[in-house]
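Here is the naming used below: chain letters follow the sequence lines, and residue numbers restart at 1 for every chain. Every heavy atom of this structure was used, including side-chain atoms; hydrogens, water molecules and symmetry mates were not.
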2 protein chains.
Amino acid sequence: MATPDTRTQILDAAERLFAEHGYRGTSVRAITTLAGANLAAVGYHFGSKAELMTAVVRRVVEPINAAQRAGLDALLARTSRPSVGELVEAFAGPLFDGMSAGGARTSRLIMTILSDPAEEARGWTGPAEEAVREEFFAAFARALPGVSPGELAFRMRGIVAVTAVDRLEVHQQSVPGCASPEQGAAARRWAVAFLTAAMSAPPPPA
Amino acid sequence: MATPDTRTQILDAAERLFAEHGYRGTSVRAITTLAGANLAAVGYHFGSKAELMTAVVRRVVEPINAAQRAGLDALLARTSRPSVGELVEAFAGPLFDGMSAGGARTSRLIMTILSDPAEEARGWTGPAEEAVREEFFAAFARALPGVSPGELAFRMRGIVAVTAVDRLEVHQQSVPGCASPEQGAAARRWAVAFLTAAMSAPPPPA
DNA sequence: GCTTGAATGAAACGAACGTTTGACTTAATC
DNA sequence: GATTAAGTCAAACGTTCGTTTCATTCAAGC
């Protein structure tokens, strides 16, 4: 394999280190050292550490969003009224797979986005993510006519929370490498079953 | 109110700042300034910044754990086989209330514990939390005989994830102060309904 | 061959960090 | 009144941080 260019190597190193140690816990020096690049390369190729983070996040989130959109489109092409289980599968599946792909690194990266209180984190996710989420929101709303918009938003946040935190803790307790693929496949089934039942719950009396 | 001692004021300031800006995003100087104390007071009263964090976390987590244990004990005193809904209420309720109490600060603090990759975070929660969680685990296992231990652990992580992330985002979008209590009470009902259905889901075929 | 512009390199910038020091204040004990 | 210990204070410690500067390398265009 021809050695990739410096820019890509910095992105790879940054994705790994940001996921392992968080944004503030990762120094530009650590990134460039792991990437085998010069310290000034981050400033040259990305402008600043914060802009490097947005580039890393975009590269990770984009394929997940694309898979979610493709799944929803395929679903809507087949039937105008997908079931709750089908929607959960289409929404949570790519989230789950995307997070497993990087050996739970992606999961921690998304946790970092969700939980980092820094102002920089506000611009980490692009508008594309919101667009996809709104489409799923509309589809879920049609499938769950009794659930109010506020409660539906609550439930969709729950999907992201369950997938992110689960992959996170799996990684934490099996320290050395990735979780076993068997466990990963089982967790995916668990998540879809768990979340389908949750999304289908009758809304509580006001 | 007689002004509390320096130690308590540092704990209060640290709880707020750790929740707002994360562990690494909070400097000892910012804490002591907000507390109206001297910079060296942290070293004197707690030893180090990391030990201050463990003191903050323990003060926050302990009442939640106590409420969870009390709720479970009351439940088991009434019936030897509580329902899934009762167990969810006893487990997630104190989590939810504890997180709402601090104006969603606690939620962010727990997110910090869950997601912070720093080595310091390993000792942030004490053994008491694990003990309570194991008792609930056993009670849930009796109420859900068809669910394997691995899947049950997955589902219990889901409860923590849903409560923590929800309170987190409520706080994020309503920037100025606390979420409206109406919204908080509604979200609590939403969470219990959502999670009861999720916990009661039939296990997927292997 | 010379020029141009992108890319990399070594070195330093000022700022902020956690921690430590040693003197000072305060209040209780003998 | 001297002694002791706890607590507070200003100041500095050495380190690490993100960023910038400027010289150098190198391949393509004329």
Side-chain angles (χ1 to χ4, degrees), chain A residues 1-58 109 112-113 116-124, chain B residues 1-58 109 112-113 116-124:
Chain A
M1 48 178 177
T3 64
D5 58 359
T6 302
R7 198 188 135 93
T8 303
Q9 288 191 253
I10 289 177
L11 275 174
D12 291 341
E15 178 179 328
R16 172 168 155 192
L17 292 179
F18 281 147
E20 285 177 2
H21 308 115
Y23 177 71
R24 302 196 115 110
T26 302
S27 69
V28 176
R29 282 170 174 82
I31 293 169
T32 52
T33 298
L34 180 62
N38 187 267
L39 174 60
V42 165
Y44 179 79
H45 286 284
F46 299 95
S48 68
K49 180 188 180 184
E51 290 170 282
L52 168 59
M53 179 57 154
T54 76
V56 167
V57 170
R58 263 193 240 289
L109 205 57
T112 299
I113 300 169
D116 201 302
E119 295 80 16
E120 293 105 337
R122 291 302 134 256
W124 281 349
Chain B
M1 48 178 177
T3 64
D5 59 358
T6 303
R7 198 189 133 93
T8 304
Q9 288 191 253
I10 289 177
L11 274 173
D12 292 340
E15 178 179 329
R16 173 169 154 192
L17 292 179
F18 281 147
E20 285 177 1
H21 307 115
Y23 176 71
R24 302 197 114 111
T26 302
S27 69
V28 176
R29 281 169 175 84
I31 293 169
T32 53
T33 299
L34 179 62
N38 187 268
L39 174 60
V42 164
Y44 179 79
H45 285 285
F46 299 94
S48 68
K49 180 187 179 183
E51 290 170 282
L52 168 60
M53 179 56 155
T54 77
V56 167
V57 170
R58 264 193 241 286
L109 205 57
T112 299
I113 299 168
D116 200 302
E119 296 80 17
E120 292 102 340
R122 291 300 135 256
W124 280 350

* C/dG18 phosphate, OP1 or OP2: any side-chain N/O from B/Ser48 under 4.0 angstrom? -> no
* Look at the side-chain N and O atoms of B/Ser27 and state whether any lies under 4.0 Å from the OP1 or OP2 oxygen of C/dA16. => no
* To do: For B/Ala40, answer base if it contacts any base atom (sugar-phosphate contacts may also be present), sugar-phosphate if it contacts only those atoms, and nothing otherwise; contact means non-hydrogen atoms under 4.0 Å.
  => base
* **Side-chain donor-acceptor pair present, B/Ser48, B/Glu51, cut-off under 3.5 Å** => yes
* Distance in angstrom units between A/Phe46 CZ and D/dT20 P, rounded -> 16 Å
* Check for a donor-acceptor pair, side chain of A/Lys49 on one end and backbone N or O of A/Gly43 on the other, with a separation under 3.5 Å. => no
* Structure fact -> Winner on side-chain proximity to B/Asn38, out of C/dT19, C/dA11, D/dC9, is D/dC9
* Nucleotide D/dG18, atom P - distance to CE of A/Met53 in whole Å -> 13 Å
* **Close side-chain approach of B/Thr33 and B/Leu39, heavy atoms under 4.5 Å** => no
* Asked: Is there side-chain contact between A/Thr32 and A/Asn38, with at least one heavy-atom pair below 4.5 Å?
  -> no
* Rounded to the Å, how far apart are A/Lys49 NZ and D/dT19 C1'? -> 12 Å
* Asked: Please give, in whole Å, the distance from D/dC17 P to A/Leu39 CG?
  -> 10 Å
* Compare side-chain N and O positions of B/His45 against OP1 and OP2 of D/dA6 and report whether any pair is under 4.0 Å apart. => no
* To do: Report the distance from atom CD of B/Gln9 to atom P of D/dG7, rounded to the nearest whole Å.
  => 15 Å
* Asked: So, is B/Thr6 near the phosphate of D/dT8, with a side-chain N or O under 4.0 Å from OP1 or OP2?
  -> yes
* Under 4.0 Å between any heavy atoms, over every strand shown, what does B/Thr26 touch: base, sugar-phosphate, or nothing? Just pick one. => sugar-phosphate
* Please give, in whole Å, the distance from D/dA10 C1' to B/Arg29 CZ? -> 12 Å
* Could you state the CD-P distance from B/Glu51 to C/dG18, rounded to the nearest angstrom? -> 14 Å
* May I have the distance from B/Tyr44 (atom OH) to C/dG22 (atom P), rounded to whole angstrom? => 17 Å
* Compare all side-chain heavy atoms of B/Arg7 with those of B/Phe46 and state whether any distance is below 4.5 angstrom. => yes
